[in-house]
Amino acid sequence: MDDVVFRSPRRRGRLAVFLSGRGSNFMAIREAVGRGGIDAEIALVFSNKADAPGLLRARESGLETLFLDPKAFASREDYDRAIIEEVEKRRIDLVCLAGYMRVLTPALCDALKHRIVNIHPALLPSFPGLHVQQKAIDWGVRFSGCTVHFVAAEVDMGPIILQAVVPVLQDDTEETLAARILVEEHKIYPEAVRLYFEGRIEVRGRRVFILGPGG
Ligand code: GRF
């Protein structure tokens, strides 16, 4: 058995959500936080897009939001350095990427190791990258789904925390499959965050073990 390399903290957490678009996963997490299903507060909603609908919704609901314009920075490294500062300044325990459409620099991945997770609309390690619902249809796979995983420098390849399976139907289009996968995303993302702050996520090697409620 591989050594334990990480065990998530059992405490009331401070969350940040990073998004670039509509923010439905952010809303699912916010809803779970709101009804006490996750022992955390959303301390920051961050975007690289000033007009991301998710950012506007966060602002409307009174959460702290932050937009940093990538064009105002000389390099991706500088941009991500600024992000790290903002995250550390707010003592964020966990960053949830939720449709955040920028590749992270290795420095950011390292600085937030085991403190940053992502949701991907396919069963990783199959179909990393973009337009993965269409790729699943084109490959004729019978099942796709979604994956919550830790973020590592290699895109979409960090240790897998939770997955949900969705059948691919013969008459599926990219849109219909994406919509059915999204329903599952909204279940497993809040669930993964809940487990994280219950201290129940343990990483051994590249595998994640979900511990029982007693730890
Ligand atoms: C989701 O499909 C998620 O899996 C992917 O980006 C999309 C974000 O959707 N990473 P939303 O902004 O959360 O609605």
Side-chain angles (χ1 to χ4, degrees), residues 1-20 25-26 28-30 32-33 37-48 66 76-77 79-125 128-129 146-164 185 187-215:
M1 180 84 73
D2 285 310
D3 289 343
V4 175
V5 293
F6 173 74
R7 168 91 178 259
S8 67
R10 185 193 207 113
R11 65 159 166 264
R12 183 167 170 75
R14 292 174 60 76
L15 268 182
V17 180
F18 286 18
L19 52 79
S20 306
N25 278 286
F26 151 63
I29 292 169
R30 195 197 70 170
V33 167
I38 298 175
D39 192 14
E41 65 176 290
I42 300 177
L44 177 66
V45 178
F46 171 79
S47 187
N48 62 323
L66 177 68
R76 283 179 351 108
E77 284 69 23
Y79 188 74
D80 279 5
R81 234 187 318 272
I83 290 178
I84 295 167
E85 239 173 67
E86 299 290 347
V87 164
E88 300 301 7
K89 197 160 81 188
R90 291 173 179 80
R91 293 174 289 106
I92 299 296
D93 296 297
L94 182 68
V95 172
C96 293
L97 303 183
Y100 180 66
M101 300 303 285
R102 265 175 85 86
V103 174
L104 308 180
T105 57
L108 179 54
C109 297
D110 279 357
L112 298 178
K113 192 161 186 205
H114 296 131
R115 291 166 56 206
I116 180 165
V117 293
N118 181 41
I119 181 120
H120 181 77
L123 293 176
L124 293 172
C146 47
T147 304
V148 179
H149 63 95
F150 281 107
V151 171
E154 202 186 343
V155 176
D156 295 332
M157 284 302 153
I160 290 168
I161 301 171
L162 292 180
Q163 292 187 306
E185 293 183 33
K187 294 179 194 161
I188 67 168
Y189 212 177
E191 169 75 1
V193 177
R194 177 176 73 79
L195 292 168
Y196 191 93
F197 289 116
E198 285 178 0
R200 294 172 60 188
I201 291 184
E202 193 166 89
V203 184
R204 301 182 204 155
R206 71 156 301 122
R207 290 179 67 191
V208 171
F209 289 77
I210 307 294
L211 308 177

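Predicted model only: the values in this text are computed from it and were never measured.
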Run the side-chain hydrogen bond (donor to acceptor under 3.5 Å, both in side chains) test against [X] and tell me which residues pass, sequence neighbours left out.
{"X": "E198", "answer": "R194, R200"}
{"X": "E86", "answer": "K89, R90"}
{"X": "E202", "answer": "R204"}
{"X": "H149", "answer": "N118"}

From [X] atom [atom1] to [Y] atom [atom2], the distance as rounded to the nearest 0.5 Å:
{"X": "D2", "Y": "R206", "atom1": "CG", "atom2": "CZ", "value": "11.0 Å"}
{"X": "L123", "Y": "Q163", "atom1": "CG", "atom2": "CD", "value": "5.0 Å"}
{"X": "H114", "Y": "D93", "atom1": "NE2", "atom2": "CG", "value": "15.0 Å"}

Nearest non-hydrogen partners of [X] and [Y], listed with the distance:
{"X": "V117", "Y": "V151", "value": "C-CG2, 3.8 Å"}
{"X": "P125", "Y": "P128", "value": "O-CD, 3.6 Å"}
{"X": "S20", "Y": "S47", "value": "CA-OG, 3.9 Å"}
{"X": "I201", "Y": "A192", "value": "CD1-O, 3.7 Å"}
{"X": "V208", "Y": "P159", "value": "CG2-CB, 3.7 Å"}

Do [X] and [Y] come close enough that some side-chain heavy atom pair is under 4.5 Å?
{"X": "R30", "Y": "V45", "result": "no"}
{"X": "L162", "Y": "L195", "result": "yes"}
{"X": "I38", "Y": "P190", "result": "yes"}
{"X": "V4", "Y": "V203", "result": "no"}

Verify, without hydrogens or angle tests, whether S8 (side chain) and F197 (backbone) share a donor-acceptor contact under 3.5 angstrom.
no
Test side-chain contact (heavy atoms from CB on, under 4.5 Å) applied to F26 and I42, step by step
CA-CA 10 Å; F26 151 63; I42 300 177; 4.1 Å; yes
Side-chain polar contacts of residues 94-113 - donor-acceptor pairs under 3.5 angstrom, sequence neighbours left out - could you list them?
from : atom 1 : to   : atom 2 : distance (Å)
T105 : OG1    : D80  : OD2    : 2.7
T105 : OG1    : L108 : N      : 3.3

So, using side chain to side chain contact (heavy atoms under 4.5 Å, CB included) as the criterion, who are the partners of [X] when residues are at least two apart?
{"X": "A164", "answer": "C146, E184, I188"}
{"X": "P9", "answer": "F6, R11, Y196"}
{"X": "R12", "answer": "D39, E41"}

Can you list the residues that meet the ring-ring contact (aromatic ring centres under 6.0 Å, His included) rule with Y79, with sequence neighbours excluded?
F73
Is the number of heavy atoms from other residues, nucleotides or ligands within 6.0 Å of CD (E88) greater than 12?
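Yes, enclosed.
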Could you walk me through whether I119 and T147 pass the side-chain contact (heavy atoms from CB on, under 4.5 Å) check?
CA-CA 6 Å; I119 181 120; T147 304; over 6 Å; no
